[in-house]
There are 2 protein chains.
Amino acid sequence: MKRRNTPTKEAVLEVLKTAGKAMSQDAIEQEIHMDINRATIYRVLNRFCEDGVLHRIVADDGKQYFALSDKNDNNKVSDNHFHFKCLACDTIECLPNEVSFTVPNAYSVAHMNCVLTGICKDCS
Amino acid sequence: MKRRNTPTKEAVLEVLKTAGKAMSQDAIEQEIHMDINRATIYRVLNRFCEDGVLHRIVADDGKQYFALSDKNDNNKVSDNHFHFKCLACDTIECLPNEVSFTVPNAYSVAHMNCVLTGICKDCS
DNA sequence: CTAACAAATGCGACACAATTGCATTAAAGA
DNA sequence: TCTTTAATGCAATTGTGTCGCATTTGTTAG
């Protein structure tokens with residue numbers, strides 16, 4: 001199952017890079033100046049998540065948002081940071097802060113999804 | 001808009017108290033031994049959230065889960081804790097750990113939704 | 001350059017969570 | 001008991017995300 005380069009993939013990545021924020025499928029579709037099917041965009045986004053290019057955030061509106069994964073020096077993906085959803089401009093951005101937590105004994109954590117909601121610097 | 005006591009409200013609260021965990025609408029409906037409409041359960045849950053009796057967690061499956069709000073000594077609601085969703089038994093519980101975080105200047109936080117996913121103590 | 005294979009796409013239908021409008025029922029106070 | 005209006009049931013609707021299947025297109029081998 002080798003991946004192929006397609007105009008759709010490039011366009012989606014380009015939009016996300018330009019925005020510098022997490023975006024939902026419909027926001028991406030609006031921003032792309034091409035006619036791409038909804039299902040295709042979802043499939044592209046899901047593949048990017050599988051490949052570690054993007055990571056998925058589920059906001060408290062129940063919707064999925066996608067943002068570029070930042071890789072550290074060892075090229076290891078690290079997405080254990082907080083996300084911030086602004087109530088005013090309705091965007092989601094990745095905060096630099098790492099999430100620090102401890103869990104009780106015998107619990108093991110595979111994944112985290114932490115979203116803070118409020119007013120961002122541009123809207124305050 | 002004064003609230004009234006109804007069998008539905010009592011039943012929903014009872015189920016959540018007994019479970020001691022966060023539950024979704026369909027899980028609550030299954031557990032209640034009455035025939036209550038889906039929309040009604042949602043309305044009851046939403047009212048409880050408005051009144052601070054329950055708090056709402058949105059898991060990374062995009063679904064809403066509801067749990068009793070724990071109030072501290074001053075009867076002030078404090079729901080700034082982590083939630084843990086077990087992949088094995090598919091339940092969500094409130095962890096005792098408070099979420100500690102800092103946000104960049106000029107950001108203000110109104111609400112948080114932090115869910116850790118993994119294997120809980122009963123399933124490991 | 002062409003042919004062949006399989007990944008990617010478009011389209012429509014579908015599944016599911018959650019909400020809403022409206023008519024009806026029932027809780028609570030007078 | 002009567003009145004008021006919050007709460008409920010029902011059906012329809014909205015919105016997000018997925019899936020099956022036929023078609024297109026990227027990639028590689030010859």
Report task. Could you label the plane-to-plane angle of the B:Tyr107 and A:Phe84 rings as parallel, tilted or perpendicular, counting under 30° as parallel and over 60° as perpendicular? Result -> perpendicular
Query - Plane angle bin for A:His55 and A:His81 - parallel if under 30°, tilted between 30 and 60°, otherwise perpendicular - result: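 A:His81 and A:His55: perpendicular rings.
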Between [X] and [Y], is any pair of side-chain heavy atoms under 4.5 Å apart?
| X | Y | value |
| --- | --- | --- |
| A:Arg47 | A:Val44 | yes |
| B:Asn97 | A:Val103 | no |
| A:Leu95 | A:Leu116 | yes |

Report task. Enumerate the residues from residues 28-38 of chain A whose closest heavy atom to DNA chain D is under 4.0 Å, giving them by residue number; use none for an empty result. Result ->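 Residues of residues 28-38 of chain A that come under 4.0 Å of DNA chain D are, in numerical order, A:Arg38.
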Query raised in the report: Which of residues 3-24 of chain A sit near DNA chain D, with a heavy atom under 4.0 Å from it?
Result: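 Within residues 3-24 of chain A, the residues near DNA chain D are A:Arg4, A:Asn5.
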Can you tell me the distance, in whole Å, between the [atom1] atom of [X] and the [atom2] atom of [N]?
| X | N | atom1 | atom2 | answer |
| --- | --- | --- | --- | --- |
| B:Asp60 | D:dT16 | CG | P | 19 Å |
| A:Asp26 | D:dG15 | CG | C1' | 10 Å |
| A:Lys63 | D:dG15 | NZ | P | 10 Å |

Requested in this report: Go through the steps for B:Phe48 and B:Phe66 under the test ring-ring contact (aromatic ring centres under 6.0 Å, His included), then give the verdict.
Outcome: CA-CA 9 Å; B:Phe48 275 143; B:Phe66 300 87; 9.7 Å; no
Please find the pair of heavy atoms, one from [X] and one from [Y], that lie closest to each other, and give the distance.
| X | Y | result |
| --- | --- | --- |
| B:Lys85 | B:Tyr65 | CE-OH, 4.3 Å |
| B:Cys89 | B:Cys120 | SG-SG, 3.9 Å |
| B:Asn105 | A:Lys121 | O-CB, 4.0 Å |

Query raised in the report: Can you check whether B:Ile119's main-chain N or O pairs, donor with acceptor, with B:Ser124's side chain at less than 3.5 Å?
Result: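 Pair absent, no side-chain N/O of B:Ser124 close to backbone of B:Ile119.
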Query raised in the report: Strictly by modelled atom types, are B:Asn46 and B:Arg56 linked by a side-chain donor-acceptor pair under 3.5 Å?
Result: yes
Query raised in the report: When you check the side-chain N and O atoms of B:Thr117 and A:Asn113, is any donor under 3.5 Å from an acceptor?
Result: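 No.
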Report task. Please identify each residue that fulfils ring-ring contact (aromatic ring centres under 6.0 Å, His included) with B:Tyr42, with sequence neighbours left out. Result -> none
Report summary line: Residues of residues 40-50 of chain A with a heavy atom under 4.0 Å from any atom of DNA chain C, listed by number, are A:Thr40, A:Arg43, A:Val44, A:Arg47
Mind listing the N/O atom pairs, protein and nucleotides 28-30 of chain D, below 3.5 Å?
from	atom 1	to	atom 2	distance (Å)
D:dT28	OP1	A:Lys2	NZ	3.4

Query raised in the report: What does B:Gln25 touch in the nucleic acid at a heavy-atom separation under 4.0 angstrom: a base, only the sugar-phosphate, or nothing?
Result: nothing
Report task. Please report the C-alpha distance between A:Asp60 and A:Val115 in whole Å, then the side-chain angles of each, then the deciding distance to 0.1 Å, and finally whether the side chain to side chain contact (heavy atoms under 4.5 Å, CB included) criterion is met. Result -> CA-CA 8 Å; A:Asp60 50 14; A:Val115 181; 5.6 Å; no
Query - Criterion side chain to side chain contact (heavy atoms under 4.5 Å, CB included) on A:Glu29 and A:Ile36, from CA distance to verdict - result: CA-CA 7 Å; A:Glu29 183 170 348; A:Ile36 305 178; over 6 Å; no
Report summary line: Base-paired stretches in DNA chain C with three or more consecutive Watson-Crick or G-U pairs, both distances under 3.5 Å, amount to C:1-30 with D:1-30
